[in-house]
Amino acid sequence: MKPAIITLLIIAIGFTSCATSKISKERNVTIQAKANFKKHPFSGKDVYYTLEMGQGDDSRSVYWPHDAPNPASLNKKRSYSVELIEEEHKMTMGDSSTSTWSPELFRLSDGKRLLYDASVCAVHGGVMERKAVPISYGYPMFDPEYLKVENTEFPNTGMVLGGCCVDLDRPTTHAWVCTSCVHNKERWEQMKKDQKSGN
């Protein structure tokens with residue numbers, strides 16, 4: 001995913017989490033759905049897609065990961081098996097409390113073939129562990145070189161950015177974590193430290 005799109009999603013998550021919320025659990029949901037995508041333009045030529053499913057109270061808009069099959073490659077006339085992981089967010093405003101479920105694409109299949117599996121690291125090919133990880137709030141500044149190598153060498157370290165609105169009641173979320181990605185990131189950070197110190 002391009003940095004500009006990441007920034008858009010970070011800001012969106014940050015502002016929607018301004019109400020008091022706390023993660024309580026996750027659930028798996030499998031839906032048969034057509035390839036109904038919505039294109040979202042952002043910052044010139046950058047775009048991202050959401051998969052639109054259901055209607056009314058059962059509707060879901062799911063962010064489409066950059067490493068999932070290209071939306072244009074999916075047949076709009078057929079149904080796909082879409083497995084989601086939905087995370088519960090409990091929000092309290094005044095005396096009332098409500099729960100919302102935030103969907104994330106887990107697996108996609110066409111009935112015969114598995115087309116996408118978020119639990120498998122796209123770089124290292126290993127099965128990852130789903131972990132509770134801390135949310136980093138604020139607006140961090142990254143080394144441009146870091147952004148260049150992150151997606152190709154260590155995309156699944158469990159780092160989650162929460163935007164500029166700090167939610168003290170939501171310190172953690174869930175993410176896929178690849179051990180090889182974590183090790184690669186640690187080696188890269190050590191290399192940068194050694195370069196700065198002249199070693």
Side-chain angles (χ1 to χ4, degrees), residues 1-10 12-13 16 23 25-43 45-89 100-133 147-161 173-185:
M1 187 189 308
K2 295 182 179 179
I5 297 175
I6 293 174
T7 303
L8 169 69
L9 295 174
I10 292 168
I13 292 169
T16 56
I23 298 168
K25 58 184 176 180
E26 288 188 318
R27 68 184 183 188
N28 284 47
V29 178
T30 301
I31 300 171
Q32 296 298 315
K34 298 284 182 70
N36 178 29
F37 288 93
K38 184 176 180 181
K39 186 177 181 180
H40 302 267
F42 176 72
S43 183
K45 295 182 179 180
D46 290 335
V47 298
Y48 69 95
Y49 293 87
T50 53
L51 176 63
E52 306 297 319
M53 299 184 295
Q55 295 179 347
D57 292 339
D58 291 328
S59 65
R60 289 173 172 85
S61 181
V62 182
Y63 168 74
W64 200 249
H66 73 281
D67 57 342
N70 188 317
S73 71
L74 301 177
N75 189 335
K76 293 183 179 180
K77 294 182 179 180
R78 71 173 303 170
S79 289
Y80 293 86
S81 178
V82 183
E83 189 173 349
L84 306 172
I85 295 179
E86 296 188 330
E87 189 169 71
E88 183 185 33
H89 301 273
T100 60
W101 293 88
S102 177
E104 175 186 335
L105 182 64
F106 181 16
R107 292 192 181 103
L108 176 76
S109 65
D110 62 3
K112 297 180 180 178
R113 297 175 300 148
L114 181 64
L115 305 176
Y116 176 76
D117 187 343
S119 69
V120 176
C121 179
V123 172
H124 300 104
V127 177
M128 298 183 285
E129 185 178 352
R130 186 81 173 168
K131 292 184 177 182
V133 298
L147 295 174
K148 289 180 181 178
V149 299
E150 181 185 22
N151 282 340
T152 57
E153 295 186 24
F154 44 84
N156 300 299
T157 60
M159 182 178 68
V160 176
L161 303 177
T173 187
H174 295 88
W176 295 108
V177 179
C178 169
T179 303
S180 296
C181 283
V182 172
H183 290 163
N184 279 4
K185 181 182 177 182

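In this chain, numbering begins with 1 at the start of the sequence shown. Given the structure is predicted, the values throughout are model-derived calculations rather than measurements.
In this structure, Trp64 contributes its side chain and Lys38 its backbone to no donor-acceptor pair below 3.5 Å. A distance-only check finds no donor-acceptor pair linking the side chain of Tyr63 to the backbone of Tyr48 [under 3.5 Å]. Between the side chain of Asn184 and the backbone N or O of Glu153, at least one donor-acceptor pair lies under 3.5 Å.
At least one side-chain heavy atom of Lys185 sits less than 4.5 Å from a side-chain heavy atom of Met159. Residues Cys181 and Pro155 are in side-chain contact: their nearest non-hydrogen atoms beyond the backbone lie under 4.5 Å apart. Between Val123 and Thr152 the shortest side-chain heavy-atom distance does not fall below 4.5 Å. At a threshold of 4.5 Å between non-hydrogen side-chain atoms, the residues Arg60 and Val29 count as touching. Taking the side chain as every heavy atom from C-beta outward, Phe154 and Val182 never approach each other to under 4.5 Å.
For Ser102 against His89, the heavy-atom pair with the smallest separation is CB-NE2, 3.5 Å. Between Tyr116 and Ala68, the shortest heavy-atom contact is CD1-CA, 3.6 Å. The minimum heavy-atom distance between Leu74 and Leu108, with the atom names listed, is CD1-CD2, 4.2 Å. Here the closest non-hydrogen pair linking Gly158 and Ala175 is CA-CB, 4.3 Å. Heavy atoms only, all atoms of each residue included: Ala118 and Met128 are closest at O-CE, 3.0 Å.
Atom CG of residue Leu114 and atom OG of residue Ser81 lie 9.5 Å apart, to the nearest 0.5 angstrom. The structure places OG of Ser79 at 5.0 Å from NZ of Lys34, a figure rounded to the nearest 0.5 Å. Here the OG atom belonging to Ser61 is positioned 14.0 Å from the OH atom belonging to Tyr49, to the nearest 0.5 angstrom. How far CD of Glu86 is from CD of Glu26: 10.0 Å, rounded to the nearest 0.5 Å. Rounding to the nearest 0.5 Å gives a distance of 9.5 Å between NZ of Lys76 and CZ of Phe37. One finds the OG atom of Ser119 at 8.0 Å from the CD1 atom of Ile85 (value rounded to the nearest 0.5 Å).
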#### Entry: Leu51 and Val82: CA distance, side-chain angles, deciding distance, side-chain contact (heavy atoms from CB on, under 4.5 Å) verdict
CA-CA 10 Å; Leu51 176 63; Val82 183; 4.1 Å; yes
#### Entry: Stepwise side-chain contact (heavy atoms from CB on, under 4.5 Å) test for Val177 and Asn156
CA-CA 5 Å; Val177 179; Asn156 300 299; over 6 Å; no
### Query
Does the pair Thr173 and Val133 meet the rule for a side-chain contact (heavy atoms from CB on, under 4.5 Å), with working shown?
CA-CA 6 Å; Thr173 187; Val133 298; 4.1 Å; yes
### Task
Take Asp58 and Met53, measure what side-chain contact (heavy atoms from CB on, under 4.5 Å) needs, and give me the verdict at the end.
CA-CA 8 Å; Asp58 291 328; Met53 299 184 295; over 6 Å; no
### Query
What do the steps show when you test Asn151 against His66 for side-chain hydrogen bond (donor to acceptor under 3.5 Å, both in side chains), and what is the final call?
CA-CA 10 Å; Asn151 282 340; His66 73 281; 4.7 Å; no
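Applying the side-chain contact (heavy atoms from CB on, under 4.5 Å) test between Glu83 and each of Asp117, Ile31, Asn28 identifies Asn28 as the sole match.
Around the CZ atom of Arg78, the shell of radius 6.0 Å holds more than 12 heavy atoms that belong to other residues, nucleotides or ligands. Around the CD atom of Gln55, the shell of radius 6.0 Å holds no more than 12 heavy atoms that belong to other residues, nucleotides or ligands.
Remark: Phe106 pairs with Trp176 by the ring pair (Phe, Tyr, Trp, His ring centres under 6.0 Å) rule, at least two apart or across chains.
Side-chain contact annotation: Ser59 with Glu52, donor-acceptor N/O pair under 3.5 Å absent.
Here Glu87 does not pair with Arg27 in a salt bridge; the nearest charged N to carboxylate O distance is not below 4.0 Å. Salt bridge status for Arg130 with Glu104: present, with a side-chain N to carboxylate O gap under 4.0 Å.
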